[in-house]
There are 2 protein chains.
Amino acid sequence: MNTPDTRTEAATCDVREVLDLVADKWSLYIVSNLSDGPWRFTELKHAVDGISQRMLTVTLRRLQRDGILTCTVHEVMPPNVSYQLTPLGASLLHAAAPLIAWSNGHLTQIAAARTEYDQSLSQSNRTNG
Amino acid sequence: MNTPDTRTEAATCDVREVLDLVADKWSLYIVSNLSDGPWRFTELKHAVDGISQRMLTVTLRRLQRDGILTCTVHEVMPPNVSYQLTPLGASLLHAAAPLIAWSNGHLTQIAAARTEYDQSLSQSNRTNG
DNA sequence: CGGTATCCAGCGGGATACTG
DNA sequence: CAGTATCCCGCTGGATACCG
């Protein structure tokens with residue numbers, strides 16, 4: 001068992017099965033929001049901007065199934081359901097934190113790269129007819 | 001300008017624009033493979049198991065547009081095209097490394113959580129009719 | 001060798017209406 | 001309040017054929 005060096009661990013096919021956890025449209029938002037503690041369904045719906053009721057339910061179930069969060073139902077009227085990260089979920093958020101930070105830090109750089117690429121494309125289009 | 005504490009940076013809507021870089025089916029594989037240095041098209045096609053010619057081209061163009069990698073064309077016969085990470089791409093891979101490592105380390109735990117969840121579902125189905 | 005072009009199936013996900 | 005159910009559109013991505 002060697003200690004891994006600076007070399008990045010390879011992303012194998014198995015990894016994608018797990019990366020799909022956060023590779024969909026909403027999971028990382030939800031997990032990120034739950035870092036504070038338990039949230040109720042409607043609170044999440046307002047916090048996660050633009051999510052539909054259906055996708056919130058679907059995504060929560062998926063994350064619950066994968067052991068990322070727990071769903072606690074208080075059977076009162078009106079119903080009270082709260083979601084919070086499991087230790088596994090917290091560790092996922094912890095692992096994703098550098099990538100989230102990287103995203104926040106490189107938004108403008110990437111936007112610039114896109115603009116430059118698109119412009120160089122339209123330039124060559126004019127040149128080549 | 002406060003120094004961020006242990007609290008995870010929030011994933012805002014902007015972030016998804018960037019996370020989409022790696023949230024598709026193939027990007028992270030390709031970026032991960034390119035950590036070694038420049039690769040040619042066909043080499044990548046063999047390294048990234050299961051990818052089609054079309055998806056390799058599409059994904060490489062997207063990553064190139066976003067400034068993650070560069071495409072160098074040697075106009076000889078037969079054609080020789082090599083791809084390699086930009087500094088931006090290398091920093092992306094660096095930021096994604098913890099998440100990739102987390103995925104590798106929790107494959108079994110997540111599979112177990114899924115099995116347990118599915119079994120508890122079928123149990124309650126039998127109970128409730 | 002390294003692409004493009006075209007066609008098409010599957011599913012992610014939005015809108016809407018209904019329920020306990 | 002916290003969901004389900006249904007419909008449907010668009011995009012991702014696979015298969016295949018052709019090109020410089």
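Within every chain, numbering begins at 1; the chains are lettered A, B, ... in the order of the sequence lines, protein sequences first and strands thereafter.
- Taking for each of A:R61 and B:M77 the nucleotide of DNA chain D with the nearest heavy atom, the 5'-most of the two is the partner of A:R61.
- Ring geometry for A:W102 against A:H106 counts as parallel: the plane angle stays under 30°, on a 0 to 90° scale with 60° as the upper cut.
- Within 4.0 Å of B:T57, counting heavy atoms only, lies at least one base atom of the nucleic acid.
- Distance CG (B:N80) to C1' (C:dC1): 9 Å, rounded to an integer number of Å.
- A:L56 has its CG atom 14 Å from the P atom of C:dA15, to the nearest Å.
- Looking at residues two or more places apart in sequence or on another chain, you find no side chain to side chain contact (heavy atoms under 4.5 Å, CB included) involving A:A113.
- The side chain to side chain contact (heavy atoms under 4.5 Å, CB included) search around A:T42 returns A:H46, not counting sequence neighbours.
- Pairs engaging residues 91-116 of chain A under the salt bridge (charged side-chain N to carboxylate O under 4.0 Å, His left out) rule: A:R114-B:D66 [sequence neighbours left out].
- Taking the side chain to side chain contact (heavy atoms under 4.5 Å, CB included) definition, one finds that B:T115 meets it with B:Q119, sequence neighbours left out.
- No continuous path of ILVMFWY side-chain contacts below 4.5 Å connects B:V76 to B:V81, so the two sit in separate hydrophobic clusters.
- Rounded to an integer number of Å, the gap from A:K45 NZ to C:dG13 P is 16 Å.
- As judged by a 4.0 angstrom heavy-atom cut-off over every strand, B:P78 is placed among residues touching the sugar-phosphate backbone only.
- As rounded to whole Å, 12 Å separates atom C1' of C:dG2 from atom CD of B:E75.
- DNA chain C forms stems at C:1-20 with D:1-20, each a run of 3 or more consecutive Watson-Crick or G-U wobble pairs whose two key distances fall under 3.5 Å.
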Taking only N/O atoms, report every protein-nucleotides 12-14 of chain D pair under 3.5 Å with atom names and distance.
{"from": "D:dG13", "atom 1": "OP1", "to": "B:K25", "atom 2": "N", "distance (Å)": "3.0"}
{"from": "D:dG13", "atom 1": "N7", "to": "B:R54", "atom 2": "NH1", "distance (Å)": "3.0"}
{"from": "D:dG13", "atom 1": "N7", "to": "B:R54", "atom 2": "NH2", "distance (Å)": "3.1"}
{"from": "D:dG14", "atom 1": "OP1", "to": "B:K25", "atom 2": "NZ", "distance (Å)": "2.8"}
{"from": "D:dG14", "atom 1": "O6", "to": "B:R54", "atom 2": "NE", "distance (Å)": "3.3"}

